Number of protein chains: 2
Amino acid sequence: MIQQLMGSELVQRLKNAGIAITVQRMALAQLLLERPCHVTAEQLLERARAVMPELSRATVYNTLRLFADKGLVRELSMGGDSLVFDSSTAPHYHYFNVDTGEVTDIPSDSVQVLGLPPLPEDMELHEVEVIVKVRARS
Amino acid sequence: MIQQLMGSELVQRLKNAGIAITVQRMALAQLLLERPCHVTAEQLLERARAVMPELSRATVYNTLRLFADKGLVRELSMGGDSLVFDSSTAPHYHYFNVDTGEVTDIPSDSVQVLGLPPLPEDMELHEVEVIVKVRARS
DNA sequence: TTCCATGCAAAGGGTTTGCACTCTC
DNA sequence: GAGAGTGCAAACCCTTTGCATGGAA
C-alpha cells in the first residue's frame, strides 16, 4: 500500500525528519506540506476525510503533534479556541482576523522588531511572534 | 455590604466602564487592577479565595470576561493551555517563558515593529501583539 | 514476528451555561 | 419588588490517552 509513494519528495521530507511513512501521514502531509497553509486540527480532519473517510480524529492530532515536534509545522496560538498549524517553514509573521479566526501570512519579509532589550544572562531566545490582529472595517 | 467601598477610585473605574458593583467584582478588581498583573482564571480564583473562600469559579470566569469586554483587562493567548489576563492598560509587549508559562511585560516602551505592509482597504487594525518566547538557558 | 500506527471511545482540562437563590438598586 | 449577579453542577469543546486491531519492516 505504501510502495507507490516511495520516490516522492514528500516521502523524503518525512524520512529526513525521522518520521515513519504511513498512508495516513502521507495523506495529511500532502494537504499540509505541499503548499503553505494554516489549519486547525478539525479543518484538516475534514479535508482529509474527503479523500480518506475512515481517518480518525486521533490520528490527525497525533500526526500534527508529531509533525510539530519534528519541525515540519509550527503551532500557532491565536486568540481563537483551537490551535492553528502553520506549514510555512521560513520565519514570518501573521495576520489574525479576530472575527473569523482566519490566519494569513504577512506578505513581507521586511518586517522587523526593533528596540527589544537584551535578555537576562540565564535566558535564551526561543522565537519572536508578531500577530497583527485585524477585523473587517465596520 | 457594598456601601463601605463606594468612594474608592476602583469603584469609579468599574462604574465608568459600565459595570455594576458587587462584592465579588470588587474583590477581583482589587487583585487584578490595583497593579499590573498577569494571571490565569485559576490563579485568580485561588488568590481570591484566600480572602473570599465561597467565591465560585463561574463568577471568576464571568467577571474576567466582563472586564475584558469592557476593556479593563486584556486576554492574552500564549502557547499555554489557558488564557492569561493582563491588567496593564497601556500598549506593551510580552515575554513568554515556554517552559513555565510565565508571562511578563517587556520592560521597554521603545520596542517598535517596522515594515508592516498597509492593510487592505476593507480591513482595520485591531491590535499588534509581539510575543518574545524565551526559555531558561540549558 | 515484532513493533509502531491507527481507530474508537472514554477521559481530561479549561471554559461556559442553566437554573435556583441572593443581592443590589 | 424587579432584575441582575452568584454559586453549583452539569454541559461543552478541544485535545489527549488507553487499549485492541491492523499494517509496515
Side-chain angles (χ1 to χ4, degrees), chain A residues 1-6 11 14-15 17-29 38-46 48-49 51-70 72-73 75-85 101 103, chain B residues 1-8 10-12 14-15 17-29 38-46 48-49 51-70 72-73 75-85 101 103:
Chain A
M1 181 65 127
I2 283 295
Q3 309 310 346
Q4 66 209 38
L5 299 162
M6 277 332 217
V11 170
L14 298 209
K15 287 191 165 183
I19 295 174
I21 305 301
T22 69
V23 192
Q24 291 84 350
R25 287 172 182 180
M26 286 308 300
L28 294 172
H38 305 91
V39 285
T40 64
E42 207 61 33
Q43 289 168 343
L44 182 60
L45 175 64
E46 188 185 350
R49 278 192 170 162
V51 183
M52 186 180 276
E54 70 289 359
L55 181 68
S56 103
R57 176 170 281 105
T59 297
V60 172
Y61 277 97
N62 289 340
T63 301
L64 283 170
R65 172 148 309 289
L66 179 67
F67 284 10
D69 288 347
K70 299 300 187 180
L72 296 179
V73 301
E75 270 183 30
L76 304 177
S77 192
M78 304 282 145
D81 315 310
S82 35
L83 288 175
V84 174
F85 293 85
V103 176
Chain B
M1 180 66 123
I2 282 296
Q3 307 311 345
Q4 66 209 40
L5 299 162
M6 277 334 218
S8 83
L10 209 47
V11 169
Q12 274 313 313
L14 298 208
K15 288 191 165 182
I19 295 173
I21 304 303
T22 69
V23 192
Q24 291 85 347
R25 287 172 180 179
M26 286 309 299
L28 294 172
H38 304 92
V39 286
T40 64
E42 208 60 33
Q43 289 168 342
L44 182 61
L45 175 63
E46 188 185 349
R49 278 190 171 164
V51 183
M52 184 180 276
E54 71 289 0
L55 180 70
S56 103
R57 176 171 282 104
T59 297
V60 172
Y61 277 97
N62 289 339
T63 302
L64 283 170
R65 173 150 308 288
L66 179 66
F67 283 9
D69 288 346
K70 299 301 187 179
L72 297 179
V73 301
E75 269 183 30
L76 303 177
S77 192
M78 306 282 145
D81 315 311
S82 35
L83 288 175
V84 175
F85 293 85
V103 175

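Source: prediction; values computed, not measured. Reminder, nothing fancy here: chain letters follow the sequence lines and each chain counts from 1.
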Of C/dT6, D/dT15, D/dG5, the nucleotide closest to the side chain of A/R25 is C/dT6
Listed by chain and number, what are the salt bridge (Lys or Arg N to Asp or Glu O under 4.0 Å) partners of A/R25, not counting sequence neighbours? none
Could you list the residues that satisfy salt bridge (Lys or Arg N to Asp or Glu O under 4.0 Å) with B/E75, not counting sequence neighbours? B/R65
Within the pair [X] and [N], is there a side-chain N or O less than 4.0 Å away from OP1 or OP2?
X     : N      : value
B/Y61 : C/dT16 : no
B/S82 : C/dG13 : no
B/T40 : C/dG14 : no
B/R65 : C/dT15 : no

Tell me: CG of B/D69 to P of C/dT15, nearest whole Å? 15 Å
What N/O pairs connect the protein and nucleotides 1-3 of chain D at under 3.5 Å? Give each pair on its own line.
none

Applying side chain to side chain contact (heavy atoms under 4.5 Å, CB included), can you list everything that pairs with [X], at least two apart in sequence or on another chain?
X     : result
B/A48 : B/L28, B/L31, B/L55
B/S56 : B/A58, B/T59
A/A41 : A/V60, A/Y61, A/L64

Please list, chain by chain and in numerical order, all residues satisfying side chain to side chain donor-acceptor pair (under 3.5 Å) with A/E42, sequence neighbours excluded. A/R57
Could you tell me whether the side chain of A/M26 reaches within less than 4.5 Å of the side chain of A/L14, counting heavy atoms only? yes
Could you run down the sub-3.5 Å N/O contacts of the protein with nucleotides 7-10 of chain D?
from  : atom 1 : to    : atom 2 : distance (Å)
D/dG7 : OP1    : B/Q24 : NE2    : 3.3
D/dG7 : OP1    : B/E54 : O      : 3.4
D/dG7 : OP2    : B/S56 : N      : 3.1
D/dG7 : OP2    : B/T59 : OG1    : 2.7

Stem segments of DNA chain C by first residue number [Watson-Crick or G-U, under 3.5 Å, at least 3]: C:1-25 with D:1-25
5'-most contact on DNA chain C (nearest-nucleotide basis), B/A20 vs B/A41, goes to B/A41
